[in-house]
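Owing to the predicted nature of the structure, the values given are computational and were not obtained by experimental measurement.
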Amino acid sequence: MHTQESTNYFAEVKIGQTYRVLVAESEELSRKMLDVALSEEGYEVITVTSGRATIECLTSLETNSEKPAFDLIVLDLMLSDINGLNICRLLREQGILVPILMLSAKNSETDCVLGLEVGADDYLTKPFGMRELVARSRALLRRQWLMKLPPIQVLVYKDITLIPQECCVLLRGEQVNLAPKEFRLLEMFMSYTQRVWTRQQIVDKIWGEDFFGDTKTVDVHIRWLREKLEVDPSRPEYIVTVRGFGYRFG
């Protein structure tokens with residue numbers, strides 16, 4: 001367990017590859033239990049005992065880093081010096097958007113709604129089981145991770161839809177099974193519709209510049225691709241031969 005009131009300490013802590021959780025809890029037994037439960041989950045846990053230390057370490061590290069200092073904040077509502085609601089409100093006003101799991105002995109609907117309205121992402125009333133706390137923490141971290149994922153890029157041309165991140169190709173709504181080279185060929189073509197590619201350019205792009213085989217392998221893969229995509233492979237609609245030059249898509 002790491003308990004420290006000095007921001008210099010936090011500035012020296014290196015951010016690892018695991019999730020990093022800040023626990024703000026003034027009651028010693030609760031703080032130790034939270035530390036153990038979250039550490040056993042594989043998280044790096046830093047604990048503080050006051051609201052002032054919470055704000056200082058967060059604002060200091062957020063300012064000096066290109067990414068959030070913590071992945072999750074477990075914040076007790078009744079800290080010894082500053083109310084957890086005020087801390088949550090202040091952090092949100094400063095643009096610190098790290099997920100906050102607020103803990104409180106107040107279990108009325110009004111208290112819960114107030115906590116969520118000032119910026120908490122979840123509200124857990126005391127007493128609670130550690131398994132529930134870990135589950136809620138995991139859910140908040142998973143949601144945050146999903147929000148950071150880049151949007152899925154989808155390539156669409158007429159009846160063909162290609163989803164690069166899923167290695168998925170749909171033809172008129174039905175999935176088409178393509179070999180890896182066929183998929184990469186189609187992705188290349190659909191990323192640059194109407195562009196004419198020579199065989200050598202295709203080899204360099206798909207097989208790599210170190211490929212020493214026959215460039216006619218391109219013709220073979222184009223034929224296989226046409227057989228899977230074209231209504232009439234002998235009269236292609238998608239992958240068109242440009243005589244004397246190579247191939248284009250569309």
Side-chain angles (χ1 to χ4, degrees), residues 1-16 18-39 41 43-130 132-141 143-144 147:
M1 178 180 69
H2 308 285
T3 303
Q4 176 68 300
E5 299 303 304
S6 170
T7 57
N8 291 332
Y9 171 83
F10 292 103
E12 294 171 359
V13 177
K14 296 182 179 179
I15 299 177
T18 188
Y19 287 120
R20 198 172 190 220
V21 181
L22 176 66
V23 173
E25 168 63 73
S26 55
E27 204 280 316
E28 183 177 4
L29 179 59
S30 296
R31 188 171 62 251
K32 289 181 178 179
M33 291 176 63
L34 291 168
D35 187 3
V36 170
L38 293 169
S39 296
E41 188 66 12
Y43 305 147
E44 178 187 354
V45 182
I46 304 296
T47 66
V48 291
T49 61
S50 69
R52 185 175 300 278
T54 303
I55 295 171
E56 287 180 352
C57 75
L58 275 167
T59 55
S60 173
L61 290 180
E62 289 280 344
T63 301
N64 297 316
S65 175
E66 294 182 358
K67 63 180 181 179
F70 295 92
D71 300 291
L72 174 67
I73 303 169
V74 179
L75 176 65
D76 184 39
L77 180 65
M78 301 301 293
L79 291 174
S80 57
D81 52 351
I82 306 176
N83 186 287
L85 294 175
N86 293 329
I87 295 174
C88 188
R89 185 184 294 110
L90 178 61
L91 295 178
R92 295 311 189 219
E93 288 175 353
Q94 294 182 350
I96 297 176
L97 303 178
V98 178
I100 296 176
L101 172 56
M102 186 168 287
L103 310 179
S104 174
K106 298 182 178 182
N107 58 6
S108 71
E109 182 180 6
T110 301
D111 292 318
C112 178
V113 170
L114 182 58
L116 297 174
E117 284 184 345
V118 298
D121 296 273
D122 199 359
Y123 189 99
L124 188 57
T125 58
K126 300 179 180 180
F128 51 81
M130 287 298 138
E132 181 180 3
L133 176 125
V134 168
R136 287 175 181 261
S137 299
R138 191 186 300 126
L140 288 174
L141 290 167
R143 186 190 310 165
Q144 187 75 353
M147 290 175 62

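Using a 4.0 Å cut-off between charged side-chain N and carboxylate O, Glu25 and Lys126 make a salt bridge. Between Lys32 and Glu28 there is a salt bridge, since at least one side-chain N of the basic residue sits less than 4.0 Å from a carboxylate O of the acidic one. A salt bridge links Asp122 with Arg136: the distance from a Lys NZ or Arg NE/NH1/NH2 to an Asp or Glu carboxylate oxygen falls below 4.0 Å.
To the nearest 0.5 Å, the span separating CZ on Phe128 from OG on Ser104 amounts to 10.5 Å. Here the CG-CG distance, from Leu34 to Leu29, works out to 9.5 Å after rounding to the nearest 0.5 Å. Atom CG in Leu116 sits 8.5 Å away from atom CG in Asp121 (nearest 0.5 Å). Put simply, CG on Leu85 and CD on Glu117 are 10.5 Å apart, with the number rounded to the nearest 0.5 Å. For the atom pair CD1 of Ile73 and OG of Ser137, the computed distance is 12.0 Å after rounding to the nearest 0.5 Å. Atom CZ in Phe70 sits 12.5 Å away from atom CD1 in Ile100 (nearest 0.5 Å).
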Checklist entry - So Ile55 and Leu90, side chain to side chain contact (heavy atoms under 4.5 Å, CB included) or not? Walk me through it. => result CA-CA 8 Å; Ile55 295 171; Leu90 178 61; 3.5 Å; yes

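Counting only N and O atoms by type, the side chains of Tyr43 and Thr18 include no donor and acceptor under 3.5 Å apart.
Proximity of a side-chain donor or acceptor of Arg92 to a complementary backbone N or O of Gly119 within less than 3.5 Å is detected.
Here the closest heavy-atom approach between residue Leu133 and residue Val74 is recorded as CD1-CG1, 4.4 Å. A pairwise comparison of heavy atoms in Ser50 and Asp81 identifies CB-OD2, 3.5 Å as the closest pair. Residues Gly84 and Met102 share a closest heavy-atom pair of O-CE, 3.9 Å. Minimum interatomic distance between Val45 and Ser39 (heavy atoms only, all atoms of both residues): CG2-OG, 3.5 Å. Annotation for Leu101 and Tyr123: closest pair CD1-N, 4.2 Å, computed over non-hydrogen atoms. Considering every non-hydrogen atom in both Ser26 and Asp76, the closest pair reads OG-OD2, 4.4 Å.
For Ser108, the side chain to side chain contact (heavy atoms under 4.5 Å, CB included) criterion is met by Thr110, Asp111, not counting sequence neighbours.
Counting only heavy atoms from C-beta outward, the side chains of Val118 and Asn86 never approach each other to under 4.5 Å. Side-chain contact between Glu132 and Leu124: present, with at least one pair of heavy atoms (C-beta onward) separated by less than 4.5 Å. Two residues are said to be in side-chain contact when any heavy atoms from C-beta on lie closer than 4.5 Å; Leu38 and Val23 meet this criterion. Between Thr49 and Arg31 the shortest side-chain heavy-atom distance falls below 4.5 Å. In this structure, Leu22 and Thr54 have side chains that are in contact, with non-hydrogen atoms separated by less than 4.5 Å.
Tested against Leu58, the residues Leu91, Ile87, Val48 include a single side chain to side chain contact (heavy atoms under 4.5 Å, CB included) partner, Leu91.
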